[in-house]
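Chain letters run A, B, ... following the sequence lines, proteins first, then strands; residues in each count from 1. Atoms considered below: every heavy atom in the structure, side chains included; atoms not considered: hydrogens, waters and symmetry mates.
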Protein chains: 2
Amino acid sequence: MSATIRDVATLANVSPSTVSRVIANNQAISLETAAKVRGAMVRLNYVPNANARSLAKHRTKTIALTIARSAEEAFANPFFAELLRGIASACQQRDYKLMLSMSSNSDWEVKDALQMVKGKQVDGLILSSVRADDFLVEALLAEQVPFVLIGRSLKHHVAMVNNDNIDCAIQGTRHLVERGRQRIAFISGPRDLVVSLDRIEGYRRALRASSRNLPELVVETSFTTAGGREAMARLASLAEMPDAIVAADDVIALGVIHWLKEHGFAIPADVAVIGFNDDPMSAFMQPALTTLRISTYALGFESARMLIDMLENQSPSEQLVIPAELIVRQTT
Amino acid sequence: MSATIRDVATLANVSPSTVSRVIANNQAISLETAAKVRGAMVRLNYVPNANARSLAKHRTKTIALTIARSAEEAFANPFFAELLRGIASACQQRDYKLMLSMSSNSDWEVKDALQMVKGKQVDGLILSSVRADDFLVEALLAEQVPFVLIGRSLKHHVAMVNNDNIDCAIQGTRHLVERGRQRIAFISGPRDLVVSLDRIEGYRRALRASSRNLPELVVETSFTTAGGREAMARLASLAEMPDAIVAADDVIALGVIHWLKEHGFAIPADVAVIGFNDDPMSAFMQPALTTLRISTYALGFESARMLIDMLENQSPSEQLVIPAELIVRQTT
DNA sequence: CCATTCTATGCAACCGCTTGCATAAACGGC
DNA sequence: GCCGTTTATGCAAGCGGTTGCATAGAATGG
């Protein structure tokens, strides 16, 4: 077994409390004693037991990210990789550990998240991909668990970091309207996610605002490349094919582009395409994808920072909106 | 504060030990008592404190994945996303939690990993991207920490799951040789990684085996798209430009292709390209990328499974090699 | 019917660290 | 030189579980 605080105490000829105070950088401890104890710690290669510490202090310095999809699917989308990058980076800066929780079904998700927090494995949660009917949010609120949302809740005022997805969709759609497109279709992600509802809403508003009486055309699919292909195929089988697509995600857009190329359509001449996220690959596609850069990394970084702030200073929960930007490239 | 085992005990009119035994599914407890206790647990919404439990049992049911790059870079490459997918899935199956540790510099990496294990936050580690001079492996070995490697160690016999990277590179290179290419260059990832050394080795062997006396041409870059572009630019500035590229990673290959298209080279007519990994995007690139499918997901899944097996049965450490497959698409 | 074994449960020590309170020594003021 | 502060450290009771050992009562056997 590894050395305990008692071993250190014995070696340094002090009491365990003193060692504990040295660890905590308590000012009451004299410099000589502290030095003596530190010496003993390195000599014994001592590392404090985090469990014992958490048990006594009621804090773990660990947060968890919950991803509300099955492990099988979650990371197929680069969005999560980017998000994680941002979160990990903030954790590193603040000396927090990061746990991951993924689950496919909603019950399991709630159970797992609650267990981690109530079981005192983590101090708080970051929730990604918020559903419209969010049981988890309600459960966490009921249990007074500190958490921050990536996205926004339809019903509750909670800490969150989000994009203005309605506005994003307006920007993207308006861009196509301005390019003179006549049949602008929207390919949405799953409609049980708030982000999907918001983007659909923005799309609709932009069309209505256009004063050109453009038809609304919304289809739903999953946030995958395959989903994009399939949705595009459905749209293409319509009486009149769209001449522009707003895809709710870059990977969907990738699928769309792939389908279009395979079937001999020119982009953007025949069909213009616009995506969401500005995934790292999007600049490198052929043709390079016009997209809404939502700063996924910042979303992740800020959510972790906010959560840790809440945990440490009990500072009030914020509502942060990360600005997005339309990146015009070759597909429009 | 949430309910403790004592609260449950009081409510159920038994001792804490009995409750503990019910939690552990101890057979000695009578069915009635167990039912009574379970009733009390749900009534109190009881969740055992994982810290107290770990402290007493010396086990956490948590493992960590260490990623030996800075948080900033690690997830730019879809390889890690796929890997994580596999690991998370195995953890879910076996009811383990997953922690993440990322670090840019080697000292920090060792410190962080050791701290997690010696601090009893996790029971074992999965190490990704093994360096040639692996301090971490040696440190872990010295401390008798359970771990499994993704990749292989040059110096130590340890639990690992790997591809036969030498063979992969041979397959890929031979494929180009057979297509009659004359100047086959290899773009490697950082040479301090074992995987890089192995792939270079395979490339060399394949060329030598070709009996056509083909020149060896190796350049090094990072595992990024930008790295691929830059490396290709370097190769193109040579007296004689290569007519085939083996890229040690699909994202590198993507950068190569991008550079080639921009500069008006036809693929594969002028230059053939082959990658490694079969990232999800690779099938969808234009032209679709020929690549070695190394089953990244399986790599992750198996490594977690193996680690948990070791942890639970003290079963001997295995050495697993995941087969790879050459996927021929349009770039060769 | 009593001794013996078995079954189900309780007691209490322990896992390793933190922290409120107590205290001895050092200090300062008069 | 005495007393009230201040300073540095120790004591011991937690934090919330687990588990070896003891034991009361039930079951078994002769």
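A salt bridge links D309(B) and R94(B); the closest N-O separation between the charged side-chain nitrogens and carboxylate oxygens is under 4.0 Å. Salt bridge status for K97(A) with D123(A): absent, with no side-chain N to carboxylate O gap under 4.0 Å.
Between R59(A) atom CZ and dT18(C) atom P the separation is 13 Å, expressed in whole Å. When rounded to the nearest whole Å, the span between CD of Q121(B) and C1' of dC17(C) equals 14 Å. Remark: C1' of dG16(C) and CZ of R53(B) are 18 Å apart, rounded to the nearest angstrom. With rounding to whole Å, E32(A) atom CD is found 14 Å from dA25(C) atom C1'. Counting to the nearest Å, the C1' atom of dG16(D) and the CG atom of L55(B) are 9 Å from each other. At whole-Å resolution of the value, NE2 in H58(B) and P in dG16(D) are 19 Å apart. For N51(B) and dC14(C), the CG to P distance is 22 Å, given to the nearest whole Å. When the C1' atom of dC17(C) is taken as reference, atom NZ of K61(A) falls 16 Å away, rounded to whole Å.
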Footprint string (nucleotides 8-14 of chain D, 5' to 3'): B base within contact, S backbone only, - free, heavy atoms under 4.0 Å: SBBBB-B

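The stretch residues 135-145 of chain B participates, sequence neighbours left out, in these salt bridge (Lys or Arg N to Asp or Glu O under 4.0 Å) pairs: K118(B)-E143(B).
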Residue pair L100(A), L84(B): steps toward the side-chain contact (heavy atoms from CB on, under 4.5 Å) verdict: CA-CA 10 Å; L100(A) 238 46; L84(B) 202 45; 3.9 Å; yes

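When distances run from any side-chain atom of N49(A) to the nucleotides dG16(C), dT19(C), dT18(D), the shortest one goes to dG16(C). Nearest to the side chain of P48(B), among dT19(C), dG17(D), dC17(C), sits dG17(D).
Residue S20(B) places at least one side-chain N or O under 4.0 Å from the OP1 or OP2 atom of dT18(D).
Counting all heavy atoms, side chain and backbone alike, P16(B) lies closest to I5(B) at O-CD1, 3.8 Å.
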Dot-bracket notation for DNA chain D, counting Watson-Crick and G-U pairs under 3.5 Å, with | for partners on another strand: ||||||||||||||||||||||||||||||

